[in-house]
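Scroll down for the structure; my scribbles are underneath it.
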Amino acid sequence: MTATRVIIVDDQAMVRAGFAALLAAQSDIDVVGEAPDGVQGVELSRRTHPDVVLMDVRMPEMDGLEAARRLLSPPPGVTHRPRVLMLTTFDVDDYVYEALRAGASGFLLKDAPPADLIAAVRVVASGDALLAPSVTRRLIADFARQRPPARGRPTQRLAALTERETEVLTLVARGQSNTEIAATLVLAEQTVKTHVSRVLTKLDLRDRAQAVVFAYESGLVTPGQ
């Protein structure tokens with residue numbers, strides 16, 4: 001089994017060292033580099049091609065949001081796009097929301113238990129989004145409430161979905177796992193996975209995190225629904 005390649009981008013040396021030691025102790029995770037700011041983080045990612053980037057939100061030179069944008073929407077000629085997991089605290093909610101819109105695969109509070117960090121890296125590396133924490137859904141709902149549903153193109157894109165795919169997207173946006181969706185719609189879990197994959201492909205979305213944002217911004221799901 002190939003180990004998941006990870007880089008850590010954070011301006012606090014102690015945080016980088018602690019996370020690196022914790023992750024490197026896992027047999028299926030390989031820490032291939034560290035960087036103290038967004039500029040060096042982007043350069044390091046381009047050089048080492050990690051599977052997952054742990055990205056702090058607030059840093060000098062270039063913050064984590066801009067660095068995430070550059071990694072997830074690379075310039076022509078750059079084909080590598082890692083999964084980005086934002087490291088944050090409660091006081092930077094707006095940054096987190098924008099990072100999810102940019103394509104980040106989720107976020108983790110910096111004071112989360114060590115086991116949560118390890119699990120988060122594995123979840124993101126597998127291609128899924130880290131949406132389990134209820135605070136993620138709260139963030140998206142809060143900001144969707146402050147911004148009216150987008151008109152035009154996002155709504156038109158919904159028309160590409162079948163009725164079943166629309167149902168699945170709605171439940172994804174409400175934070176349900178594939179297992180929960182399968183139970184709700186009385187489907188096989190593999191069938192749900194297929195529907196989710198088709199939704200992402202049709203809407204040109206990277207993962208479940210972007211699917212949740214899209215569902216709120218298009219008006220398909222509204223806060224408190």
Side-chain angles (χ1 to χ4, degrees), residues 1-89 91-93 95-133 135-136 139 205-210:
M1 182 177 66
T2 303
T4 297
R5 295 166 59 82
V6 177
I7 66 172
I8 302 165
V9 185
D10 193 295
D11 61 337
Q12 296 181 321
M14 289 291 287
V15 170
R16 295 198 308 272
F19 284 3
L22 178 65
L23 295 173
Q26 311 307 307
S27 61
D28 59 336
I29 297 175
D30 185 11
V31 178
V32 296
E34 304 172 25
D37 59 58
V39 172
Q40 294 185 52
V42 172
E43 293 174 351
L44 179 63
S45 180
R46 298 270 198 264
R47 195 167 64 246
T48 60
H49 291 187
D51 300 301
V52 178
V53 177
L54 290 179
M55 181 79 73
D56 188 21
V57 171
R58 287 182 173 172
M59 294 181 290
E61 302 299 327
M62 180 191 293
D63 65 21
L65 176 57
E66 179 59 27
R69 287 194 184 111
R70 296 194 183 192
L71 290 178
L72 297 169
S73 298
V78 177
T79 58
H80 177 254
R81 291 203 309 170
R83 300 278 172 175
V84 177
L85 181 61
M86 305 301 294
L87 301 171
T88 186
T89 54
D91 63 343
V92 286
D93 287 358
Y95 282 90
V96 173
Y97 181 78
E98 293 301 331
L100 290 176
R101 292 187 68 200
S105 294
F107 77 97
L108 188 72
L109 297 177
K110 294 178 78 170
D111 60 356
D116 286 3
L117 173 64
I118 297 168
V121 169
R122 289 172 177 156
V123 166
V124 171
S126 73
D128 208 344
L130 192 68
L131 290 177
V135 66
T136 302
L139 282 173
L205 301 172
R206 183 173 171 84
D207 55 29
R208 294 171 84 99
Q210 283 197 315

All side chain to side chain donor-acceptor pair (under 3.5 Å) counterparts of Asp37, not counting sequence neighbours:
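Asp37: side chain to side chain donor-acceptor pair (under 3.5 Å) contacts with Gln40.
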
Pairs flagged by salt bridge (Lys or Arg N to Asp or Glu O under 4.0 Å) wherever residues 9-25 is involved - sequence neighbours left out:
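Passing the test, one end in residues 9-25: Asp10-Lys110, Arg16-Glu34.
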
Acceptor/donor pairs from residues 73-87 side chains to any protein atom, 3.5 angstrom cut, sequence neighbours excluded:
| residue | atom | partner | partner atom | Å |
| --- | --- | --- | --- | --- |
| His80 | NE2 | Pro50 | O | 2.8 |
| Arg81 | NH1 | Leu72 | O | 2.8 |

Between the main-chain N or O of Val42 and the side-chain N or O of Ser45, is there a donor-acceptor pair closer than 3.5 Å?
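A pair under 3.5 Å: no.
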
Qualifying residues under salt bridge (Lys or Arg N to Asp or Glu O under 4.0 Å), relative to Arg5, sequence neighbours excluded
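Once residues adjacent in sequence are excluded, Arg5 has no partner under the salt bridge (Lys or Arg N to Asp or Glu O under 4.0 Å) criterion.
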
Which residues pass the salt bridge (Lys or Arg N to Asp or Glu O under 4.0 Å) test with Arg122, not counting sequence neighbours?
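Checked Arg122 against salt bridge (Lys or Arg N to Asp or Glu O under 4.0 Å); matches are Asp28.
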
Just verifying a value: how many Å separate [X] [atom1] and [Y] [atom2], rounded to the nearest 0.5 Å?
| X | Y | atom1 | atom2 | value |
| --- | --- | --- | --- | --- |
| Ile7 | Thr48 | CD1 | OG1 | 5.0 Å |
| Met55 | Thr88 | CE | OG1 | 13.0 Å |
| Leu22 | Ile8 | CG | CD1 | 9.0 Å |

Chi angles and distances behind the side chain to side chain contact (heavy atoms under 4.5 Å, CB included) call for Ile118, Leu23:
CA-CA 7 Å; Ile118 297 168; Leu23 295 173; 4.2 Å; yes

Taking only residues at least two apart or on different chains, which pairs with a member in residues 15-45 satisfy ring pair (Phe, Tyr, Trp, His ring centres under 6.0 Å)?
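Counting only pairs at least two positions apart or across chains, no ring pair (Phe, Tyr, Trp, His ring centres under 6.0 Å) contact touches residues 15-45.
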
Give me the atom names and distance for the closest heavy-atom approach of Leu71 to Val53.
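It is CD1-CG2, 4.1 Å.
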
Looking at Glu43 and Arg46, is there a salt bridge between them, counting it only when a charged N and a carboxylate O are closer than 4.0 Å?
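Looking at Arg46 and Glu43, the cut-off is not met.
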
